[in-house]
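The structure appears below as structure tokens.
So that the names make sense, note that chain A is the first sequence line, chain B the second, and so on, each numbered from 1. Values reported hereafter were calculated over all heavy atoms of this structure, with side chains retained and with hydrogens, waters and symmetry mates removed.
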There are 2 protein chains.
Amino acid sequence: MSNSNKRLYRQIADKILLLIESGVYPVGSRLPSERELAERFSVSRPTIREAVIALEAKGRVTVRTGSGVYVVEPSVEFAGLAGLAKSVSPFELIESRVFIEGEAAALAAVLITDSQLTQLGKALEDMALENIEGDPVSVVADRKFHSIISEATNNRVLSLLISQLWDVQEELDNIRLAHQAVCMKDDAQRLAEHRAIFDAMVEKDSNKARTAMRNHFSRMLTALHETIEQEAVSEVQRKVSQMRERFPVGRMDL
Amino acid sequence: MSNSNKRLYRQIADKILLLIESGVYPVGSRLPSERELAERFSVSRPTIREAVIALEAKGRVTVRTGSGVYVVEPSVEFAGLAGLAKSVSPFELIESRVFIEGEAAALAAVLITDSQLTQLGKALEDMALENIEGDPVSVVADRKFHSIISEATNNRVLSLLISQLWDVQEELDNIRLAHQAVCMKDDAQRLAEHRAIFDAMVEKDSNKARTAMRNHFSRMLTALHETIEQEAVSEVQRKVSQMRERFPVGRMDL
DNA sequence: CCGCAACATTGTCTTACCAATTTGTATGTG
DNA sequence: CACATACAAATTGGTAAGACAATGTTGCGG
């Protein structure tokens with residue numbers, strides 16, 4: 001079934017968006033008139049209007065009355081952190097998290113309440129239990145753990161930033177796989193690292209908390225390096241073997 | 001003219017949004033039917049549809065075919081940093097910037113190129129010249145200064161974050177006024193602080209850079225505290241004097 | 001009490017029509 | 001020829017009425 005059950009205007013909006021992003025309608029150019037688009041996509045004019053309005057709300061086009069619909073430069077306001085996933089390397093992301101979550105941990109250490117502390121301990125237990133069996137490494141307890149800390153800072157900007165960076169991370173396949181690889185490779189150490197962070201929180205020791213958090217991330221970073229390297233190597237091997245099939249050495253003798 | 005020249009669907013969407021945010025239609029509740037809304041706002045049904053689609057694109061409602069349109073909890077994804085300005089205190093924002101820009105400065109100190117260093121020096125000179133006369137304190141050179149540093153980190157996530165936080169700050173009147181107040185009160189010190197940051201960069205001294213940046217922000221924070229306090233005081237005075245006019249003491253004798 | 005069928009409600013999409021605005025072009029005037 | 005004005009074509013803005021599909025509701029019969 002190519003016919004999805006999504007609403008029509010959405011399908012049209014997606015198609016138009018595809019045309020925009022593939023360069024058919026570059027930034028600044030004018031889209032065909034409503035009637036023209038209606039005919040091209042075999043829908044009515046109101047539906048086109050709805051699709052255009054949806055694109056307008058997303059900040060991808062502007063409508064000039066009596067003139068036409070124009071493609072606009074996607075601005076930071078609308079692209080936000082969500083659209084960042086495609087253009088940014090996993091290293092940059094993790095590096096940011098080192099700094100931000102490191103400082104958040106330092107701040108949280110002196111602000112965390114007893115109630116939050118028990119929640120944190122609970123999350124730690126869950127992490128231990130979560131992956132006792134089963135391949136698909138779960139990170140919900142992991143995220144919960146970091147989330148509690150970010151909320152303990154009592155700074156909504158900080159916790160929003162942290163949660164957004166986590167969202168971006170989960171969209172980045174590289175990083176998600178690397179994260180999984182790390183967890184599977186040495187889950188005990190992951191737990192130990194989180195426990196170190198937890199202990200620092202209990203002691204309300206800022207510096208200890210910051211250091212523990214940074215250690216946690218720096219191990220993730222090195223693990224990511226390794227995974228990416230391995231991936232690159234196997235990619236090269238794959239290509240070489242393809243080449244070998246495509247151009248067998250024996251051929252030369254023909 | 002109460003009748004704005006905005007497009008009709010936008011006006012309707014704004015009105016509905018107002019009703020949602022004022023609690024008339026709480027989260028989870030169902031909006032009146034298209035036909036009903038059309039009658040209530042004296043517009044046609046397609047216009048209501050367009051308004052609803054706009055709200056849907058903004059993530060404020062979901063529409064269930066055959067059932068109705070429902071108000072949804074505004075999620076981080078859609079609220080983003082842009083909509084953050086309204087719900088967040090200036091203190092939280094500045095605190096975040098202390099941490100993030102502090103670490104950015106520390107990182108930049110060891111990564112900054114000679115070319116960026118000269119740009120930074122140029123921005124510093126501009127800052128000195130900029131406000132030599134004229135009341136409206138300009139911050140373009142200031143922002144440029146911080147922007148160069150954030151770019152010197154070679155981390156696009158970090159520099160995007162910093163630029164977004166700056167955007168939010170410029171939308172917050174409190175903070176903008178406080179910033180201006182600080183600059184006007186003691187512009188020489190502002191320059192000195194920036195020069196300290198610059199010097200640390202020249203020496204490529206991470207710790208010095210971090211400390212200098214944090215000092216810069218912490219002075220902003222205390223200044224902000226003072227301004228807010230003054231504002232609150234004068235607000236109270238204003239209300240008291242209003243009361244005095246409204247309920248003059250002489251009235252009692254009538 | 002449960003299941004199912006008929007009915008009412010609601011969103012979905014279309015066709016058709018007219019109004020308001022912009023924009024290019026011709027035309028007239030200096 | 002240069003420039004301003006008027007007009008016409010193109011385009012979006014908005015409305016009206018109706019057919020259709022998905023969903024919820026009601027009441028009937030078992």
Side-chain angles (χ1 to χ4, degrees), chain A residues 1-20 24-73, chain B residues 1-20 24-73:
Chain A
M1 263 208 268
S2 111
N3 188 12
S4 62
N5 47 8
K6 273 193 302 188
R7 302 212 263 140
L8 230 201
Y9 89 84
R10 249 173 195 265
Q11 301 176 35
I12 303 300
D14 287 344
K15 285 182 186 173
I16 295 177
L17 199 57
L18 209 64
L19 291 176
I20 289 175
V24 178
Y25 302 126
V27 170
S29 70
R30 212 207 76 181
L31 261 51
S33 73
E34 286 182 351
R35 281 151 178 101
E36 217 169 312
L37 288 170
E39 198 175 347
R40 182 167 328 170
F41 292 116
S42 305
V43 298
S44 69
R45 208 167 69 86
T47 301
I48 293 293
R49 279 175 63 86
E50 289 173 359
V52 168
I53 284 170
L55 292 177
E56 193 181 22
K58 283 185 186 167
R60 305 300 301 252
V61 301
T62 57
V63 178
R64 291 216 287 267
T65 305
S67 173
V69 182
Y70 296 84
V71 181
V72 302
E73 186 86 36
Chain B
M1 260 210 270
S2 115
N3 186 12
S4 62
N5 46 11
K6 276 194 299 186
R7 304 225 268 140
L8 230 200
Y9 88 83
R10 253 178 196 274
Q11 302 176 35
I12 302 299
D14 287 344
K15 285 182 186 172
I16 296 178
L17 199 56
L18 209 63
L19 290 177
I20 290 176
V24 179
Y25 302 126
V27 170
S29 70
R30 212 206 75 181
L31 262 50
S33 71
E34 284 183 352
R35 292 161 175 88
E36 212 168 318
L37 287 171
E39 199 175 342
R40 185 171 320 177
F41 292 114
S42 305
V43 297
S44 68
R45 244 158 42 87
T47 301
I48 294 291
R49 273 178 68 77
E50 290 175 344
V52 168
I53 285 170
L55 292 177
E56 192 182 23
K58 283 186 188 168
R60 305 299 303 251
V61 301
T62 56
V63 0
R64 290 213 286 268
T65 305
S67 173
V69 353
Y70 297 82
V71 181
V72 302
E73 185 86 35

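Using a 4.5 Å heavy-atom cutoff, the side chains of B:Arg7 and A:Glu56 are in contact. Using a 4.5 Å heavy-atom cutoff, the side chains of B:Glu34 and B:Val52 are not in contact. Using a 4.5 Å heavy-atom cutoff, the side chains of B:Tyr9 and B:Pro46 are not in contact. Using a 4.5 Å heavy-atom threshold, the side chains of A:Lys6 and A:Asp14 count as touching.
Checking the phosphate oxygens (OP1, OP2) of C:dT12, a side-chain nitrogen or oxygen of B:Thr65 falls inside 4.0 Å. In terms of phosphate contacts, A:Arg49 brings a side-chain nitrogen or oxygen within less than 4.0 Å of OP1 or OP2 of D:dG13.
Of the inter-residue distances, the one linking A:Arg60 atom CZ with A:Ile20 atom CD1 reads 6.5 Å to the nearest 0.5 angstrom. With rounding to the nearest 0.5 angstrom, the CD atom of B:Glu36 is 10.5 Å from the CD1 atom of B:Ile48.
Between A:Ile12 atom CD1 and C:dC13 atom C1' there is a gap of 12 Å when expressed in whole angstrom units. Whole-Å rounding puts the B:Arg7 CZ to D:dG14 P distance at 6 Å. In this structure, the CD1 atom of B:Ile53 is 14 Å from the P atom of D:dG14, given to the nearest Å. With rounding to whole Å, A:Tyr70 atom OH is found 15 Å from D:dA10 atom P. Whole-Å rounding puts the A:Leu37 CG to D:dT11 P distance at 11 Å. Rounding to whole angstrom units, CD of residue A:Glu36 and P of D:dA10 are separated by 12 Å. Atom-to-atom, CD of A:Glu34 to C1' of C:dT21 comes out at 13 Å; the value is rounded to the nearest Å. For the pair B:Glu39 CD and D:dA17 P, the interatomic distance rounds to 13 Å; values are reported in whole Å.
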> Which is it for B:Ile16 and B:Ile12 under the side chain to side chain contact (heavy atoms under 4.5 Å, CB included) test, yes or no, and what are the steps along the way?
Replying inline: CA-CA 6 Å; B:Ile16 296 178; B:Ile12 302 299; 4.0 Å; yes

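At a threshold of 4.0 angstrom between heavy atoms, the contacts of B:Val52 with the nucleic acid are absent. Counting non-hydrogen atoms under 4.0 angstrom, A:Arg10 reaches nothing in the nucleic acid.
A heavy-atom distance below 4.0 Å to DNA chain C is reached by these residues of residues 41-48 of chain B, ordered by number: B:Arg45.
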